[in-house]
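Before any comments, here is the structure.
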Protein chains: 2
Amino acid sequence: MENETRQEEIIRVAAKLFKEKGYSAVTMRDLATTMNMKAASLYNHISSKQEILEKIIMRIARKFSVGMTAVKSSNDSCIVKLKKIIALHVEVSSQNIYGMAALNHDWMHLEAQLGPYKKLRSDYENDFKEILKEGIAAGEISPIKPDVMMFSILTTLRSLYLWIPKKEVIHLEELTNNLSKILINGIIKEN
Amino acid sequence: MENETRQEEIIRVAAKLFKEKGYSAVTMRDLATTMNMKAASLYNHISSKQEILEKIIMRIARKFSVGMTAVKSSNDSCIVKLKKIIALHVEVSSQNIYGMAALNHDWMHLEAQLGPYKKLRSDYENDFKEILKEGIAAGEISPIKPDVMMFSILTTLRSLYLWIPKKEVIHLEELTNNLSKILINGIIKEN
DNA sequence: GTCTATACCACGATAGAC
DNA sequence: GTCTATCGTGGTATAGAC
């Protein structure tokens, strides 16, 4: 965290507090206390509480969009594309375990950026579903409702931030492999 | 909703608001406006905002505990036990789509009931993991880390409330069957 | 860049008339 | 059982000294 600007530090600490109590329950006084400052001093670095939320959420949302674009444009099979999406979520979640909480649960408190956020999320879900549909058409994936499949896989991936920090030592590659097996092959033992 | 007491009505409406904005962001004035009352009048039916949260969360948490106890004490195979747990989540979630949001995201704002809630949740997760471990020992389930399996399945089940209301017509039995296939057999097509 | 002081407003909750 | 009025607290944010 060297060479981190004071604004970046505030945003990082705020994300941690938002994960613990949610955006609405965290006050500027809470944030200031954690930063060893007075609340008024925060405003030399950020213009509002809302701005902090916007930076936390939109930064991560854009990473997912960029990642999905890369996966879409590849020539991989659908199963490989899915594995790449799983790896994308493990990577982004592990690098933003606090911010992911705000992305998942505090997006409704966005004001000016609410529309742009919703657009990114809905585009992401459509791309995801499209990959599943292609997989079904190509005979790679079981012909179960793509909606239910996407919901099942994506909610697991979106909740990774709750769970990654609990691992003592985080073997991200191992986690990615285990998740791929479970989400793609299921948990039943094949004989 | 006939024969519903005024207190039950307040709790039901509050759960809906909590799902939309989170416990902290919903004010007693918001709740009163939605109920076509003044905020002060709410206090003739409930003693505090905190009491509303407690009733919403603890009621549902106890349903899951009761359901898990029934599954545990059966003589079913582990796979059948898992299917029963999936059905339990579909049932409880569909009957409490608003309350599930508070259960998942506002439990940290519990005060006196925080400890009891955490105990119920942790017991539930331990029972769930135990069933997976038995399944592995019995050769029914793939020998992947039970932690990762439980995380993957349980986060999907815990997020059902986000998704059930989006279905135009809810065929709960079909949803249960599709989810069982996806979570247990995976999405890959077997040839 | 941080501080003290404070403006202004909304919060949960209570008192007491009707 | 609902209302008006209000209490005490604490919210975001600004002004201006240092």
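Quick note on labels: first sequence line is chain A, next is B, and so on, each numbered from 1. Values reported hereafter were calculated over all heavy atoms of this structure, with side chains retained and with hydrogens, waters and symmetry mates removed.
Classification of the B:W163-A:F151 ring pair by plane angle, with boundaries at 30° and 60°, yields parallel. Note: A:F64 and A:Y124 have perpendicular aromatic rings, judged against thresholds of 30 and 60 degrees for the angle between ring planes.
Closest of all the heavy-atom pairs between B:I187 and A:I141 is O-CG2, 3.4 Å.
For the pair A:I52 CD1 and D:dT12 C1', the computed distance is 11 Å after rounding to whole Å. Separating the CD atom of B:E111 from the C1' atom of C:dA13 is a distance of 14 Å, rounded to the nearest angstrom. If you take NE2 of A:H45 and C1' of D:dA13, they are 15 Å apart, rounded to a whole angstrom. Whole-Å rounding puts the A:L42 CG to D:dG11 P distance at 13 Å. Between the C1' atom of D:dG10 and the CG atom of A:D30 lies a distance of 11 Å, rounded to the nearest Å. In this structure, NZ of B:K38 is placed 15 Å from P of C:dG12, rounded to the nearest angstrom. Remark: P of D:dG1 and CD1 of B:I46 are 14 Å apart, rounded to the nearest angstrom. One can place CE of A:M28 at 23 Å from P of D:dT9, the figure rounded to the nearest angstrom.
Exactly one of B:E9, B:E8, B:E4 qualifies for a salt bridge (charged side-chain N to carboxylate O under 4.0 Å, His left out) with B:R6. That residue is B:E9.
Residue A:M37 places its side chain closer to C:dC3 than to any other of D:dA13, D:dG1, C:dC3. In the set C:dA13, D:dA5, C:dC3, the nucleotide with an atom closest to the side chain of A:A40 is C:dC3.
At least one side-chain nitrogen or oxygen of A:R29 sits closer than 4.0 Å to the OP1 or OP2 atom of D:dG11. The phosphate of C:dG12 has OP1 or OP2 within less than 4.0 Å of a side-chain N or O from B:K49. The side chain of A:S41 contributes no N or O atom lying less than 4.0 Å from OP1 or OP2 of C:dG1.
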